[in-house]
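Single-structure report; data block below.
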Amino acid sequence: MKALLIVDVQNDFCPGGALGAPGNDEVVPVINKIQDKFDVVVASKDWHPGNSVHFENWPVHCVANTKGAEFHPDLKTNKIDNIFLKGTGNKDDGYSAFEATSDNLTRYLKDKGVDELYVAGLTTDYCVKNTVLDAVKAFKTIVIEDGIRAVNANPGDGEKAINEMKQAGAKFIDSGKLN
Ligand code: VGL
Ligand code: ZN
């Protein structure tokens, strides 16, 4: 069984948002186009309390139940089976979708019989990377290479993250090459 995990395609990571880099919303049409190819589609949301050590490293973003934490308005959501909320604590960053507190992502996917996990979304250098580094421990993990974008707080961070994910065993595929 093949699952697609859509990581943090939220307003605050898109242009106009607190951490929005230009072009980050380009992942939306890519992700919309491929969703029908998967048996299971799940999504994560960065979902912070108003007060968190996370905001010592970042501008305030994706505070639970705010506009910035909503999905990008053009993201197709009707196929999403479950939304995993992460970064919900106030004592750590909680970058990985596998750190979600709303439900256990590994168990959810295993219960559905998922063995191949495809990952797309935001951002390459933080939540996509940390999610993929956890995913490879439990699933064959494939990153949709045209469906991710970086924050690039330092130039080259996105490229570095891609190399780390490859080193860890993740595969990369262009969305146009999916069966
Ligand atoms: C993220 C920075 C801060 C992400 C979350 O979703 O990649 N990046 N919080
Ligand atoms: Zn965050």
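Counting starts at 1 for both ligands and their atoms, following the listed order.
Protein N/O/S atoms found under 2.8 Å from the Zn ion (ligand 2), listed by chain and residue number: Asp46 OD2, His48 NE2, His54 NE2, His61 NE2.
Hydrophobic clustering, with ILVMFWY side chains joined whenever heavy atoms are under 4.5 angstrom apart, groups Met1 together with Phe84.
Closest heavy-atom contact between Ala43 and Phe71: CB-CZ, 3.8 Å.
Enclosure of atom NZ in Lys79 by more than 12 non-hydrogen atoms of other residues, nucleotides or ligands within 6.0 angstrom is indicated.
Contacts classified as side-chain hydrogen bond (donor to acceptor under 3.5 Å, both in side chains) and involving residues 7-26 (residues at least two apart or in different chains) are given here: Asp8-Ser44, Asp8-Lys86, Glu26-Arg149.
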>> Between Asp36 and Lys76, does the salt bridge (charged side-chain N to carboxylate O under 4.0 Å, His left out) criterion hold? Intermediate values first, please.
In response: CA-CA 11 Å; Asp36 287 337; Lys76 184 179 133 175; 3.4 Å; yes
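The aromatic rings of His61 and Trp58 sit perpendicular to each other, their planes meeting at more than 60°, with 30° as the lower class boundary.
Side-chain atoms of Lys110 come within 3.5 Å of backbone atoms of Ala138 as a donor-acceptor pair (strictly under, hydrogens ignored).
For His72 and Phe13, the gap between ring centers reaches or exceeds 6.0 Å.
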Every pair of nitrogen or oxygen atoms between ligand 1 and the protein that is under 3.5 angstrom apart - can you list them with their distances to 0.1 Å?
residue	atom	partner	partner atom	Å
ligand 1	6 (O)	Asp8	OD2	2.6
ligand 1	7 (O)	Thr123	N	3.0
ligand 1	7 (O)	Thr123	OG1	2.6
ligand 1	7 (O)	Cys127	N	2.9
ligand 1	9 (N)	Asp46	OD2	3.2
ligand 1	9 (N)	His54	NE2	3.1
ligand 1	9 (N)	His61	NE2	3.1

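Evaluation of the side-chain contact (heavy atoms from CB on, under 4.5 Å) rule for Asn90 yields Pro49, Ser52 as partners, not counting sequence neighbours.
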